[in-house]
Amino acid sequence: MSTGKNSVSVVGLGPMGQAMAAAYLDAGYEVTVWNRSAGKDAGLVERGARRAATAAEAVAASGVTVVSLIDVDALYAALGEAELDGRTLVNLSSDTPEKARAAAGWAGARGASYLSGGVNVNPGGVGKPESSIFISGPREVYEQHRAALDVLGGTDFRGEEPGLALLYYQLNMTMFWTAFTGFYQAVAIARANGLTAADILPYAGYTGDSLRGFYEWAGPVIDAEDYDGSAERLAMCAASVEHVLHTAAASGVDTGILGAHADLFRRGMDAGFGAESSTRLVGILSDAA
Ligand code: NDP
């Protein structure tokens, strides 16, 4: 029986789905939850969430269902048998833009309204005003469920094409994973030289913060295709990357990641771009396909 409160279902209770369900409980929603494995809903049920026996039952319990699963294939596995006609699914599971488009078609063919999303914060950031979630899909569906989505934090509507939210998400992840594996690489070199992660943390913070300035400098240069090398030359950057690679090799750590970086810079040099800005490398990456 409805209590007249806003209601939402959350399908998938990994750390992210649990944080989302908790945010809805905090906001006073009537929350129905489902997870494939038992036990992950215990804290939520204790706080008043209703446990659905099946994912189909969860979807039936609320007009809008937030999905937080490992990927789109898990969506099909969880909701393949569910009645979706007239329901709204907001799928905040990460996947590729292609998979997001396919899932939107899959849901539409079953009569559901469907939004795709990519979550830019960790579970601890869910519900905070500074959190950011990319959303794409029909604008009217987004507007209709805006209040429920805003419970999770700031949403950023990227457009109606269903793959867009995941495209923007994967662009962020491209930057995140390459930078973060760079941190792992630096820690490995530090440890090989008797330092700890703690020793380099202040400098890691400085370098991470400085990236914003580099992005803001390089973006307009690349869009203008003006690769003037008067401030920094690819040849200088290529030499720097070789120094990094050799420092890693001399430290006896894995050089696979850094070797790939050095290869890119060498290809730029071989193409004759040494006197131009290192931003010229975007062309080499773009032309690889
Ligand atoms: P987890 O890997 O911890 O949880 C994945 C969830 O998917 C679990 O509920 C799991 O169920 C379920 N699942 C996996 N396969 C199936 C299947 N075949 N059928 C049914 N259920 C399935 O992920 P998180 O909670 O950390 O993340 C959820 C989503 O949020 C992911 O797409 C992730 O990329 C995204 N995200 C996560 C962030 C984070 O920091 N955690 C940050 C930003 C985005 P079961 O418990 O039974 O295994």
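Every number for a ligand or one of its atoms is a count from 1 in the order of the listing. Note that this is a predicted model, so its numbers are computed, not measured.
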May I ask you to check whether Y29 and S62 show a side-chain donor-acceptor distance below 3.5 Å? no
Under a plain distance cut-off of 3.5 Å, with no hydrogens placed, do S251 and N193 share a side-chain donor-acceptor pair? yes
E83 side chain vs D85 backbone, donor-acceptor pair below 3.5 Å: yes
Please collect all side-chain hydrogen bond (donor to acceptor under 3.5 Å, both in side chains) contacts where either partner lies in residues 161-175, sequence neighbours excluded, each pair once. S94-Y169, R101-E161, N120-N172, R158-Y168
Results of salt bridge (Lys or Arg N to Asp or Glu O under 4.0 Å) for R51 - residues two or more places apart only: D41
Contacts of N122 meeting side chain to side chain donor-acceptor pair (under 3.5 Å) (sequence neighbours excluded), chain-then-number -> none
Show the protein residues that qualify under the rule heavy atom under 4.0 Å from an atom of ligand 1, listing them in chain and number order. G12, L13, G14, P15, M16, N35, R36, S37, K40, S68, L69, I70, A74, A77, S93, S94, V119, V121, N122, P123, Y169
